[in-house]
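What follows is a set of notes on a single structure, which appears directly below.
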Amino acid sequence: MRRAHSSRAARRGVGLGLAALAATSATGCGIALGEDTLALDYWLWDANQLLPYQHCVDAFEEENPDIEVRISQYGFDDYWMKLTAGFVAGTAPDVFTDHLSRYPEYVQRELLLDLDALEATAAVDAEEFHDGLADLWVGEDGGWYGMPKDFDTVAIFYNEQMLADAGLTPADLEDLDWNPDDGGSFEEIVARLTVDSDGNRGDEEDFDPDDVAVYGLASQGSGGTSGQTMWSWTAGSTGWRFTDADVWGQEYNFDDPRLHDSLEWLFGFVDKGYLASYEEVGGDANAQQQLGSEQAAMSTDGSWMLNSYTRLDGVDVGIARLPAGPAGHPVSMYNGLADSISADTDHPEEAARFVAFLGSETCQNIVGDAAVVLPARPESTERAIEAFGERGIDVAPFTDLVEAGHTMFYPVTDQFGSIDALMTPAMDEIYIGGRDAETLADLNERVNAMLE
Amino acid sequence: MSAVENPAPAPTSSGAHRLRPKRAVGRRDDTRLALLFILPALVGLLLFYFWPLVRGIWLSFTSWDILTPARFVGLANYQEMISDPVFWNAVRVTLLYVVINIGIQTVVALVLAVLMQRLSRSIVLRSLVLTPFLVSNVVAALVFLWILDFQLGIGNHFLEWLGVGRVGFFTTEAWVIPTIALVNVWRHMGYTALLLFAGLQAIPGNLYEAARVDGASEIRQFFTITLPLLRPILGLVLIISVIGSFQVFDTVAVTTGGGPVDASRVLQLYIYDNAFGQFNFGYAAALSVAMLVILMVVTVLQYRVTRAGQTDLN
């Protein structure tokens with residue numbers, strides 16, 4: 001019906017603008033614009049990536065004059081709502097940036113096309129991306145549902161001036177370690193960087209934990225179910241993993257004492273005065289703002305935040321590696337985004353050509369050169385490292401862990417939405433101090449029951 | 001209609017034949033015309049009220065994620081609801097909100113209405129009282145979120161200056177519902193006061209004159225004349241306010257999102273979370289039906305207790 005509508009418009013010789021208008025009002029994807037041109041809709045959520053991807057689109061259109069690509073960018077929360085509404089109304093974009101926490105449910109409902117079943121994408125060699133990135137997007141049915149576009153890891157951003165004021169140097173942040181018993185050298189650094197209103201530091205006797213001016217560590221609240229940038233690195237470096245398999249696990253491990261000990265240790269910083277309380281920062285805590293307003297000295301955050309931190313006005317920000325845990329080395333969550341093709345598309349093969357291009361060296365290099373995120377292809381990642389380096393930013397703390405294999409994947413399972421609704425309030429409660437981390441064992445049974 | 005209001009003269013033998021058919025045709029025409037006028041409203045009523053209600057009740061017996069067809073599950077959603085601690089917490093939190101919000105709002109609005117009537121005839125003053133109602137709920141909520149922010153809010157800086165210390169208005173379990181309730185008292189009190197003010201106009205002024213002659217104080221007049229005679233309007237205002245209060249959503253959604261933990265997860269927000277967060281539209285529909293039942297019970301009780309439909313003026 002959509003195709004008939006737009007074809008009629010084209011046959012009647014209605015101008016391109018009218019056809020596009022009809023297309024946007026009647027349909028969301030795959031519009032024939034004229035005899036030889038059709039339009040594809042492409043959605044993404046990160047405003048920082050809009051420009052490099054527009055350059056990718058320009059390069060794609062140059063190579064494919066029969067296809068026009070229209071990019072739309074929506075904020076992360078609106079993005080998923082609009083996407084679902086699009087699927088319901090049959091107006092979802094042809095191609096869209098997808099997230100590991102969302103795609104399993106789309107696959108289950110047959111809303112995505114298998115890239116292996118389309119000529120252009122099937123020709124892409126998954127081995128060309130960083131190890132494991134393409135595997136994250138292979139569904140339980142063996143279909144391939146996302147073309148890797150970038151990856152992200154976690155490291156420490158810190159205020160260089162505050163570090164110097166504490167009598168520390170960047171070298172002191174190298175080879176940090178932590179453990180749930182005495183906190184290790186990481187806790188010592190956090191304590192040193194914490195300052196109360198009278199200027200006493202967290203490692204000094206007169207320090208008042210109830211009257212803190214600068215927290216050693218910025219708060220992101222509890223971090224919720226995945227704790228991606230807040231707590232996942234603590235439990236991960238004890239050897240703990242979210243589920244019983246890298247992807248498509250059938251059981252979560254929220255009942256593991258290693259997780260409980262890690263959470264109790266990290267959230268225990270609140271009582272020690274090293275980390276802001278929930279009362280102070282609420283449920284929507286913004287770590288970058290805390291560093292920017294000099295209310296916190298350090299923050300563990302993701303590589304996609306590189307530009308946001310390094311462009312903070314009046315604050316010189318350095319980057320350090322995560323501390324090693326009881327496992328003997330640091331562990332970062334390793335998350336990868338990808339582009340998926342909607343089953344709603346009227347032009348699957350053309351969409352596949354575009355998606356293959358998004359994963360190509362040409363597009364990935366464009367994104368790498370823009371120094372916004374770390375692209376999924378190793379050679380493009382090198383270009384990003386170089387581009388960041390030209391701006392004086394050393395991103396090795398983010399990339400080293402990938403090379404060393406010290407990463408763990410974002411949990412890829414069914415029912416993540418329902419699991420998140422159950423787990424996030426519980427994590428918040430632990431952060432507030434109203435619940436023992438051990439009680440997660442009870443919730444783990446309910447979570448695993450959802451996966452049965 | 002005309003037959004009742006304007007009795008026709010006694011028909012003559014010849015006129016009887018002419019009049020009767022004419023009057024019968026006239027009634028039919030009136031009915032058709034009336035139906036024609038009613039039709040748009042009737043279509044709207046059926047399409048936008050009756051159909052969604054029936055469909056909502058039907059959906060409450062299904063499992064539906066909007067992306068795949070709804071599946072009939074019988075009473076499963078209701079069984080789940082009964083054993084769902086978050087639902088019961090949402091009921092408790094919503095009731096707490098309604099009691100605080102309506103309790104304070106009604107008293108403040110009543111005082112404002114009486115003051116407007118007894119002390120001032122100024123249109124400017126009456127308009128000023130109404131201005132918070134002209135601000136959108138979301139804007140009002142965001143303004144208060146910043147005013148009362150723990151770190152940056154001017155409200156907390158003021159409290160600190162007073163020596164009281166900062167308060168986590170939106171971030172502590174004890175304060176979050178009273179705070180949200182008070183934000184909405186601020187926003188709605190002018191509107192409620194205006195409704196009550198309109199009710200006060202219907203009370204005959206000679207009653208107050210007589211009371212004054214008898215030496216009754218302003219407070220005595222309020223409790224013996226104003227309050228009893230305002231009861232029907234007060235009852236209706238309460239019914240409308242309580243229904244609106246039960247439906248609190250936007251203020252919570254933009255300030256706390258239901259937190260800390262579930263301390264402000266009111267029923268409407270829980271319905272929204274299930275529908276648009278987890279795409280459990282069937283369960284969300286069951287929660288909505290539960291809310292409908294709660295509101296019906298509360299409204300009937302209020303109507304009976306306040307005798308909102310009866311006036312004492314006669």
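The sequence lines fix the lettering, A, B, ..., with proteins before strands; numbering per chain opens at 1.
- The minimum heavy-atom distance between Gly417(A) and Gln278(B), with the atom names listed, is O-CG, 4.0 Å.
- The neighbour count for Phe72(B) CZ, taken as heavy atoms of other residues, nucleotides or ligands under 6.0 Å away, is above 12.
- Enclosure of atom CD in Glu264(A) by more than 12 non-hydrogen atoms of other residues, nucleotides or ligands within 6.0 angstrom is indicated.
- One distance of note links OG1 of Thr255(B) with CG of Asp284(A); it measures 11.0 Å at 0.5 Å rounding.
- Comparing Gly282(A), Ser418(A), Gly283(A) by heavy-atom pairs within less than 4.5 Å of chain B, the highest count is held by Ser418(A).
- With a threshold of 4.5 angstrom between heavy atoms, Thr84(A) approaches chain B through its backbone and through its side chain.
- More than 12 heavy atoms of other residues, nucleotides or ligands shown are found within 6.0 angstrom of CH2 on Trp248(A).
- With a threshold of 4.5 angstrom between heavy atoms, Gln295(A) approaches chain B through side-chain atoms but not through N, CA, C or O.
- Remark: Phe281(B) CZ is packed, more than 12 non-hydrogen atoms of other residues, nucleotides or ligands lying under 6.0 Å away.
- Taking all atoms of both residues into account, the shortest heavy-atom contact from Thr68(B) to Arg109(A) is CG2-CG, 4.2 Å.
- Counting heavy-atom pairs under 4.5 Å between each of Asp273(B), Leu67(B), Val167(B) and chain A puts Leu67(B) at the top.
- Options Phe416(A), Tyr278(A), Tyr431(A), Phe87(A) differ in how many heavy-atom pairs under 4.5 Å they form with chain B, and the most are formed by Tyr278(A).
- Considering CZ of Arg166(B) and CD of Glu280(A), their distance stands at 7.5 Å, rounded to 0.5 Å.
- The local environment of CG in Leu53(B) is crowded, with over 12 non-hydrogen atoms from other residues, nucleotides or ligands closer than 6.0 Å.
- Nearest heavy atoms, Glu279(A) versus Gly168(B): OE2-N, 3.4 Å.
- Around atom OH of Tyr49(B), no more than 12 heavy atoms belonging to other residues, nucleotides or ligands sit under 6.0 Å away.
- More than 12 heavy atoms of other residues, nucleotides or ligands sit less than 6.0 Å from atom CD of Gln415(A).
- Both the backbone and the side chain of Phe276(B) come within contact range of chain A, judged by heavy atoms closer than 4.5 Å.
- If you tally non-hydrogen atom pairs under 4.5 Å between each of Gly259(B), Pro260(B), Gly258(B), Gly257(B) and chain A, the highest count goes to Pro260(B).
- For a residue to count as touching a neighbouring chain, one of its non-hydrogen atoms must lie under 4.5 Å from one of that chain's; by this rule Phe169(B) does not touch chain A.
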